[in-house]
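Ligands are counted one by one from 1 in listed order, and the atoms in each one are counted from 1 as well.
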Amino acid sequence: MTIPIKQFKLRRLRMMLNNPFTTSFGTIQEKEFFVTEAIDEEGNRGFGESVAFTSPWYNEETVQTTQHMIKDFLIKLIQENKISHPDDLLEVFKPIRGNNMAKSALEGAIWDLYAKRLNIPLYEALGGTKKEIDVGISIGIQPSVEKLLQTINYYVKEGYKRIKIKIKPGWDYEVLREVKSHFPTVPIMADANSAYTLKDIDHLQKLDELDLLMIEQPLAHDDIVDHSKLQAAMHTPICLDESIHSLEDTQKAIQLQSCKIINIKIGRVGGLSEAKRIHDVCKQNGIDVWCGGMLEAGIGRAHNIALTTLPQFVLPGDTAASALYWKKDIIKPEVVVENGVISVPDRPGIGYEIDEQALENFTVEEEVFHL
Ligand SMILES: O=C(O)CCC(=O)C1=CC=C[C@@H](O)[C@@H]1C(=O)O
Ligand SMILES: [Mg+2]
C-alpha cells in the first residue's frame, strides 16, 4: 500500500552546543540543521533530521545545499513516485547523484511515518532486536593534555563505554600515550578526520604500541586504496568513516581490506535503508560496525538509537546523552545514558515525543510542501 504522504514541513533550526566541539578542521559551537516532517492523510507525523554542517569540512554538503536539494529536487521525486516502503526511496532518489545527507533527512521522516502507521517502534521496523545499546563519547580536541585527562575522567566516571579522542599531527602519539597511562583499562580510540597521508606511515605505526580500539579515518576522506596499504602495515584496526558512502564503497573496502571496522552514519550513507544494507554486508564479512554521531539533536539521535539495535553494532556508538550537547533538546523525554547504556524506547516510530515548544523556539525558518 502506498504511504499517503500529504505534506512535508521543512524547519531550519539553530541551536547552541553546551560545549564547543573542536576537530582538526575547526570549532563548532552553533549548530544549524533541518527538521523534516512527513504528514499523511490521517495526520500521522514522521520526523527526520539533517546532519550537514554550515561549511563543507566533513563532506561536501552544507545546510544550504541540503535545503536546495530537498526543495528543488528531492520533494519533486517523491511527488512523482508512489512510495509503499521507505526502501523504495533508494530507487526514487537514484537520479540525483550524491547529496546523501539531504536524501537521508527526508528518508528518515518517511521511515518514522512508516513505523508510526504500523504502530511499531522504528527499531522493530528496521529489524533491530536490542533493548539496550552501549554508548561511548567523542571528545573534541582540548586546549591541553591536562584538560583532556580531566574530561576523560569525567566521562569514564559517568560510565561511558569507550572514549574517542580527536587527533591531528602534533596532537597524537604523546597525547594518546599519556591518556593510556592514566586509563589503561578504558577502551580508547582516535579519530583523525583525514589529517594524515601515507607519508606518515612510520609515525602512525607507532600507535600500535598503545593498544587502541581503532583509529578512525587516518587518511584522505575519499580514499580506500591507501587505507588498505596502511591497514596491512598496522595491527590497530582501521575504521572508515568519511570514505564510506554506500553499500558499494563498503564492498570495495572489504575486498581491498582497507579497514576492520566501519562507522555507519545514517546521513553520510543516504539514509536508514542504505545503512541497513551496509550493516548486513558487514555482518556477512565479519566487519564490526558502530553508529557515529554528527552532534545531532534529539530526532537524529533517536534515529541513531533505532539503527544501533541491529546485531552487528557490536561496538559502542557516539550517541551520548542529550544533556551533554544541549541545554534543552527537541524531544521528550531527552536521551539519557545510565552506566553507558541507553534503554531503547518501545513507543511507535522514533520512540520519543517532539517537544513542540522547543521545536518552535529553535526554528528560524519554515516551509510547507503539499504533495
Ligand atoms: O558526539 C558526536 O555526535 C560525535 C562527534 C564526532 O566525533 C564527529 C562529529 C562531526 C564530524 C566529525 O568531526 C566527527 C566524526 O568524524 O566522527
Ligand atoms: Mg569520524
Side-chain angles (χ1 to χ4, degrees), residues 15 17-33 49-63 100-101 104 133-142 148 151-152 155 158 160-168 171-172 188-196 212-223 227 237-245 259 261-269 289-305 307-308 315-326 329 334-335 337 340 342:
M15 289 170 73
L17 285 162
N18 291 339
N19 297 300
F21 189 81
T22 301
T23 70
S24 52
F25 296 94
T27 299
I28 307 171
Q29 171 89 70
E30 188 181 69
K31 178 113 197 265
E32 247 185 68
F33 60 96
E49 187 178 314
S50 70
V51 295
F53 297 114
T54 44
S55 65
W57 58 267
Y58 171 79
N59 71 350
E60 73 288 355
E61 295 185 77
T62 66
V63 174
N100 282 350
M101 291 177 172
S104 171
I133 59 163
D134 287 348
V135 288
I137 180 89
S138 174
I139 301 176
I141 292 176
Q142 299 293 310
L148 177 63
T151 310
I152 296 173
Y155 291 123
E158 286 281 300
Y160 282 94
K161 304 240 179 199
R162 70 94 175 105
I163 303 288
K164 164 163 143 181
I165 292 163
K166 293 280 175 185
I167 55 165
K168 59 179 182 181
W171 180 269
D172 48 26
I188 304 281
M189 61 170 289
D191 185 2
N193 287 114
S194 303
Y196 301 88
L212 300 174
L213 187 60
M214 71 190 92
I215 172 166
E216 182 176 346
Q217 199 70 35
L219 309 178
H221 70 96
D222 53 357
D223 167 79
H227 278 101
I238 289 178
C239 167
L240 290 178
D241 174 0
E242 282 91 327
S243 303
I244 302 293
H245 309 100
C259 64
I261 298 174
I262 290 181
N263 167 350
I264 301 183
K265 289 183 180 169
I266 303 167
R268 196 194 66 228
V269 304
V289 305
W290 57 281
C291 183
M294 289 290 283
L295 310 170
E296 288 92 344
I299 294 169
R301 210 159 282 279
H303 282 265
N304 288 344
I305 293 169
L307 180 67
T308 306
L315 294 160
D318 274 345
T319 312
S322 297
L324 295 185
Y325 302 81
W326 317 108
D329 205 342
E334 299 199 341
V335 174
V337 174
I342 294 175

Closest to the Mg ion (ligand 2), among the N/O/S atoms of Asp191, is atom OD2
Numbering as shown, the atoms of ligand 1 that approach [X] to under 4.0 Å (heavy-atom distance):
X: Glu216; answer: 17 (O)
X: Leu295; answer: 2 (C), 3 (O), 5 (C)
X: Thr23; answer: 13 (O)
X: Lys164; answer: 7 (O), 15 (C), 17 (O)
X: Gly293; answer: 2 (C), 3 (O), 4 (C), 5 (C), 6 (C), 8 (C), 9 (C)

Which atom of Phe33 lies closest to which atom of Ala297, heavy atoms considered |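 Looking at all heavy atoms of both residues, the closest pair is CZ-CB, 3.6 Å.
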Member of Lys265, Arg162, Lys161 meeting the salt bridge (charged side-chain N to carboxylate O under 4.0 Å, His left out) criterion with Asp318 = Arg162
Hey, is [X] touching ligand 1 through its side chain, its backbone, both or neither, going by heavy atoms under 4.0 Å?
X: Gln217; value: neither
X: Asp191; value: side chain
X: Asn193; value: side chain

Does an N or O from Asp241, backbone or side chain, lie closer than 3.5 Å to an N or O of ligand 1?
-> yes
Where the Mg ion (ligand 2) is the corner point, what angle links OE2 of Glu216 with OD2 of Asp241, to 10°?
-> 80°
Mind telling me whether Phe53 and Tyr58 have parallel, tilted or perpendicular rings, with 30° and 60° as the class edges?
-> perpendicular
Distance only, no hydrogens: is a donor on one side chain within 3.5 Å (strictly under) of an acceptor on the other, for Glu242 and Asn59?
-> no
